Amino acid sequence: MKITISAIKADIGSIGGHLCPSKKLVEAVSEVVKKSSIILDHKIFHTGDDITILMSHDKGENYPEIHRLAWDAFQRGTEVAKEQGLYGAGQDLLKDSFSGNIKGSGPAVAEIEFEERPAEPFLLFMADKTNPGAYNLPFYLAFADPFHNSGLILVPKISQGYKFIIMDMDFKGEGDKVIELETPNDIYNIACLLRDTERFGISEVYSKSGHKCLSLSTTRLHNISGTYTGKDDPIALVRVQKDFPATGEILSPFSISHYVAGFMRGSHVGPLMPVRVNTPVSYFDGPPIVSGVALCVHNGKFTEEVDVFDHPYWDYIRDKASAKAEEIRKQGFFGSAMLGMNELEYTGITEKLEELDKRFIIKEK
Ligand code: 13P
Ligand code: 13P
Ligand code: MG
Ligand code: MG
């Protein structure tokens, strides 16, 4: 049976700043999705201040009525957020009306259409207070590095490598600017691009037999709206096992808690902390967080989810991530603790520098 899993995420308002949506808000979104007859199943999660709608259906990727359902649910949620006086009500809904595809109007979208395998396990990742480039390192390692993906040396099908579709997220023309690169031949070319996490992001990964196993939201909100409206907190769907990496291989690189862009005001650098699903945000509007759930889908019906970072091992990683957050926060806004001028999400410093430039004098030699 050919089915599609669609994950669509948006920040439409939160309690006490950019921390967490209210129960009423999550319920309002859920009520709209529940009533739909075009989907086969759904689940709702939240991570930090973002709500994710996970749906299964038989309509294919980019199907307007599926995207409209998410749009309508987020619109209804925004009404509730306004009624409750939540912060940032409707924050990620950047267009006034729905125009056929929710991509490019604010919410983050990840979708995969596939012929269901007899067992169809997959993972959904949801990150807050960071950007799509935060996934460059973990998914590069999970699909291309035998230190994390032991299947690359143990399993012949996996040894063939994968095809990465990488997007230039700074491209402002019509459509998407992408490049297709294959491992192992292109591994250094892939590394060259993915190191620039602000500009390049993995949007899809395919097995050599042509099966899509990763879909990642690569929207950049400030390229849509022109100004800062919040970070582009990214989601990802990953099919696992058999010809694809094992679940544990995909999770392995998240133990690095690597430093990513985001944190307070989307303008700093902090470690990506793997957290339990539905965890709010805290210290310095962070640290940047990622949650993950593992499920199986059969005939379009989801099993219950396993919270992949809810395990004693990840408590130890969280402690290490907290220590890394402390370390970088010690240097406040100096050097690599704050993002470069091009990536700052506020105009304050630019305006100040323009004013100060007038006060500089040229001293004669
Ligand atoms: P299989 O059961 O598909 O061989 O999976 C192996 C595995 O995931 C061990 O980590
Ligand atoms: P969000 O993108 O999660 O709304 O966070 C915005 C922010 O500025 C936090 O400090
Ligand atoms: Mg917010
Ligand atoms: Mg957010």
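Because the structure is predicted, anything quoted here is derived from the model rather than measured. When a ligand or atom number is given, it counts from 1 through the structure's own listing order.
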Query raised in the report: Near Asp233, which atoms of ligand 2 are under 4.0 Å from a heavy atom of that residue?
Result: 1 (P), 2 (O), 3 (O)
Query raised in the report: How close do Asp307 and Val275 get, heavy atom to heavy atom, and via which atoms?
Result: OD1-O, 4.4 Å
Query raised in the report: Side chain, backbone, both or neither: which part of Val281 has a heavy atom under 4.0 Å from ligand 2?
Result: neither
**Report entry** Nearest protein heavy atom under 4.0 Å from atom 3 (O) of ligand 1, yes or no
**Finding:** yes
Report task. Look at atom 7 (C) of ligand 1 and say which protein heavy atom is nearest, naming residue and atom and giving the distance to 0.1 Å. Result -> Gln241 NE2, 3.8 Å
Query raised in the report: So, Asp11 and the Mg ion (ligand 3): N/O/S under 2.8 Å, yes or no?
Result: yes
Report summary line: heavy-atom search around atom 9 (C) of ligand 1 in the protein gives Ala246 CB, 4.8 Å
Query raised in the report: Are any of the side-chain heavy atoms of Leu93 and Pro107 separated by less than 4.5 Å?
Result: yes
Report task. Indicate yes or no: does Asp315 engage Arg276 in a salt bridge with an N to O separation below 4.0 Å. Result -> yes
Query - Six-ring centre of Tyr259, Lys324 cation under 6.0 angstrom, axis tolerance 45° - result: yes
Query - Element-labelled atoms of ligand 2 that are located less than 4.0 Å from some non-hydrogen atom of Met264 - result: 10 (O)
Requested in this report: Measuring from the Mg ion (ligand 3), name the closest N, O or S atom belonging to His18.
Outcome: ND1
**Report entry** Under-4.0 Å salt bridge between Lys208 and Glu182
**Finding:** yes
**Report entry** Under-4.0 Å heavy-atom contact with ligand 2, by part of His18 that carries it
**Finding:** side chain
Query raised in the report: With the threshold set at 4.0 Å, does a side-chain nitrogen-carboxylate oxygen contact exist between Glu61 and Lys212?
Result: yes
Requested in this report: Check each atom of ligand 2 against the heavy atoms of Asp285 and keep those under 4.0 Å away; list them by number with element.
Outcome: 9 (C), 10 (O)
**Report entry** Check: Asp50 N/O within less than 3.5 Å of ligand 2 N/O
**Finding:** no
**Report entry** Ring-face cation contact, Tyr206 with Lys163, 6.0 Å cut, 45° max
**Finding:** yes
Report summary line: The atom name of the N, O or S atom in Asp49 nearest to the Mg ion (ligand 3) is OD2
Query raised in the report: When you measure from the side chain of Ser30 to the backbone N and O of Val26, does any donor-acceptor pair fall under 3.5 Å?
Result: no
Report summary line: Across all chains, not counting sequence neighbours, the side chain to side chain contact (heavy atoms under 4.5 Å, CB included) partners of Lys2 are Glu113, Glu115
Report summary line: So the atoms of ligand 2 within less than 4.0 Å of a heavy atom of Gln91 turn out to be 1 (P), 2 (O), 4 (O)
